[in-house]
Amino acid sequence: MEWCKGCVFSNKVRILDTTLRDGEQAPGIDFTVEQKVRIANQLVKLGVDVIEAGFPASSEGDFIATKKILEEVGDKTEVIGLARANKNDIDKVIEAGLSSIHVFIATSEIHMKYKLKMTREEVLDRIYESVSYAKSHGLIVEFSPEDATRSEEDFLLTAIKTAIQAGADRINIPDTVGVMTPFTFYDLIKKVVNVAGDKIVSVHCHNDFGLATANSIAGVAAGARQVHVTVNGIGERAGNASLEEVVMALKKLMHYDLNIKTWLLYETSKLVSELSGIPIPYFKAIVGENAFGHEAGIHVHGVIENPATYEPISPEEVGNFRRLALGKHSGIHGLKKILEDQGIHLDDNKLRIVLMEIKKKAESGEKISAEDARNIAIKLLNS
Ligand SMILES: CC(=O)SCCNC(=O)CCNC(=O)[C@H](O)C(C)(C)COP(=O)(O)OP(=O)(O)OC[C@H]1O[C@@H](n2cnc3c(N)ncnc32)[C@H](O)[C@@H]1OP(=O)(O)O
Ligand SMILES: CC(C)C(=O)C(=O)O
């Protein structure tokens with residue numbers, strides 16, 4: 001089905017990573033050129049289909065970084081650059097040597113009135129001019145109607161048709177301020193897919209209501225076959241759809257086909273966290289330190305018997321680690337395993353004594369490590 005490699009009949013979903021563009025727009029994140037190249041190499045290793053390397057017109061540094069990333073990985077994956085719908089920005093993408101461009105302009109009333117100060121007609125003209133200008137230079141063009149999800153629907157669809165008439169290769173639908181629910185986004189993307197014909201429809205979701213991942217997979221269910229994501233979900237305000245969450249949900253829950261080497265997700269997350277200076281919450285899905293952590297006795301017992309009792313994904317699938325913890329919620333099965341893994345074998349009576357000691361310490365606020373449990377056991381054995 002090569003002819004419709006990205007369309008709704010294909011089970012293949014493309015991942016466009018925008019960690020180096022939208023992710024970097026997050027306040028406080030400023031990657032150096034070297035850091036951006038390191039992340040780009042990791043994204044290629046991970047298997048993303050497209051890297052949005054930057055916004056060449058925004059600064060000399062971003063221009064240089066985009067060029068360097070293209071030189072470094074341009075033969076391994078598609079490298080795309082952002083541009084406003086104006087000739088200067090498009091020329092900067094061309095000057096950087098890129099073959100793919102992401103052109104955007106807002107189509108919502110609020111953005112057209114207060115930001116662009118353009119009428120609907122002027123925006124439509126600008127869309128046609130900029131997309132056709134980019135196409136006339138042989139570029140692959142992805143068009144985004146910024147703030148699409150707050151745009152008047154008929155005008156939005158007209159804007160999309162205008163971009164397609166001008167030659168756009170892909171249509172990306174940004175939920176720029178994250179106001180969609182999975183239900184409303186599904187309905188919208190269905191309509192966009194209907195007007196897009198054989199063009200790939202892409203989705204770009206923000207997390208203002210914590211729905212970026214859910215909305216992204218709803219967009220795929222509605223026929224989108226590309227998703228914009230960032231590693232760890234970093235990005236503007238509450239961030240973007242998280243690469244690791246979207247990939248694992250599409251793969252494991254919806255059985256789509258992706259190029260991503262999922263066992264590299266944890267190391268990729270750690271790299272971006274280290275270079276961005278943004279820590280990963282312990283409870284972060286997929287890549288958090290607690291994502292495969294178990295303390296509660298009933299859970300630990302289940303995981304010891306069969307990890308699938310409490311792990312919908314195995315940590316090895318994403319390169320993360322299972323952690324069995326001790327605390328006031330612990331049970332005897334977990335304690336037994338933690339001690340036996342350290343060469344200590346106790347009968348049930350002695351295990352109960354050690355467990356009570358652990359719970360007492362934990363309830364007083366102490367953190368109990370495996371070594372602490374071992375020391376308590378040894379003390380008991382020698383008492
Ligand atoms: C939803 C998003 O994330 S969009 C991407 C946001 N990313 C960035 O802003 C990257 C960093 N930005 C920058 O470096 C700067 O904003 C630049 C270089 C792009 C522009 O800088 P400046 O010339 O100083 O303009 P400034 O940022 O103050 O205002 C934006 C201008 O772009 C115009 N503009 C905004 N979006 C678009 C668009 N899609 N198409 C055309 N013009 C646009 C605005 O109307 C405004 O124009 P004006 O200066 O004529 O009033
Ligand atoms: C440039 C566009 C796609 C964007 O980042 C947004 O609308 O969130």
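Just follow the structure's listing: the first ligand is 1, and inside any ligand the first atom is 1. Count residues from 1 along the sequence. Everything numeric in this text was worked out from a predicted model, so none of it was measured. Side-chain atoms are counted along with the backbone in the values below, which use heavy atoms only and exclude waters and symmetry mates.
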Worksheet entry | Derivation of the salt bridge (charged side-chain N to carboxylate O under 4.0 Å, His left out) call for Lys359 and Glu363 | CA-CA 6 Å; Lys359 287 180 183 268; Glu363 277 162 350; over 6 Å; no

Worksheet item: When you look at Asp22 and Asn240, which way does the side chain to side chain donor-acceptor pair (under 3.5 Å) test go after all the steps?
Response: CA-CA 8 Å; Asp22 208 342; Asn240 291 61; 3.0 Å; yes

Discussion item. Applying side-chain contact (heavy atoms from CB on, under 4.5 Å) to Asp62 and Glu24, what does each step give before you reach the verdict?
Written reply: CA-CA 11 Å; Asp62 231 39; Glu24 195 193 25; 3.8 Å; yes

Donor-acceptor pairs are to be reported for all side-chain atoms of residues 140-149 against protein atoms at under 3.5 Å, with residues two or more places apart or in another chain.
residue	atom	partner	partner atom	Å
Glu142	OE1	Arg170	NE	2.6
Glu142	OE1	Arg170	NH2	3.0
Glu142	OE1	Gln226	NE2	2.9
Glu142	OE2	Gln226	NE2	3.2
Glu142	OE2	His228	NE2	2.6
Ser144	OG	His102	NE2	2.6
Ser144	OG	Asn172	ND2	2.8
Glu146	OE1	Lys115	NZ	2.8
Glu146	OE2	Lys115	NZ	3.3
Asp147	OD1	Arg150	NE	2.9
Asp147	OD2	Ser108	OG	2.6
Asp147	OD2	Arg150	NE	3.1
Asp147	OD2	Arg150	NH2	3.0
Thr149	OG1	Asp175	OD1	2.6

Sequence neighbours left out, cut at 3.5 Å: what donor-acceptor pairs do the side chains of residues 280-288 make with other protein atoms?
residue	atom	partner	partner atom	Å
Lys284	NZ	Ser242	OG	3.3
Lys284	NZ	Glu244	OE2	2.8
Lys284	NZ	Glu245	OE2	2.7

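Protein residues having a heavy atom under 4.0 Å from any atom of ligand 2 are Arg21, Asp22, Leu82, His102, Phe104, Ser144, Glu146, Asn172, Pro174, Thr176, His204, His206, listed by chain and number.
Classification of Lys328 and Glu295 as a salt-bridged pair fails, no side-chain N sitting under 4.0 Å from a carboxylate O. For Glu289 and Lys270, the salt-bridge test passes: some basic side-chain N is under 4.0 Å from an acidic carboxylate O. Comment: Arg237 engages Asp208 in a salt bridge, judged by a side-chain N to carboxylate O separation of less than 4.0 angstrom.
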Quick one: ligand 1 N/O to protein N/O pairs below 3.5 Å?
residue	atom	partner	partner atom	Å
ligand 1	3 (O)	Arg21	NH1	3.3
ligand 1	3 (O)	Gln25	NE2	2.9
ligand 1	7 (N)	Gln25	OE1	3.0
ligand 1	14 (O)	Ser58	O	3.4
ligand 1	32 (O)	Arg84	NH1	2.8
ligand 1	39 (N)	Phe104	O	2.7
ligand 1	40 (N)	Ala85	N	3.1
ligand 1	45 (O)	Lys115	O	3.2

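Taking each heavy atom of Gly97 and Leu70 in turn, the nearest pair found is O-CD2, 3.1 Å.
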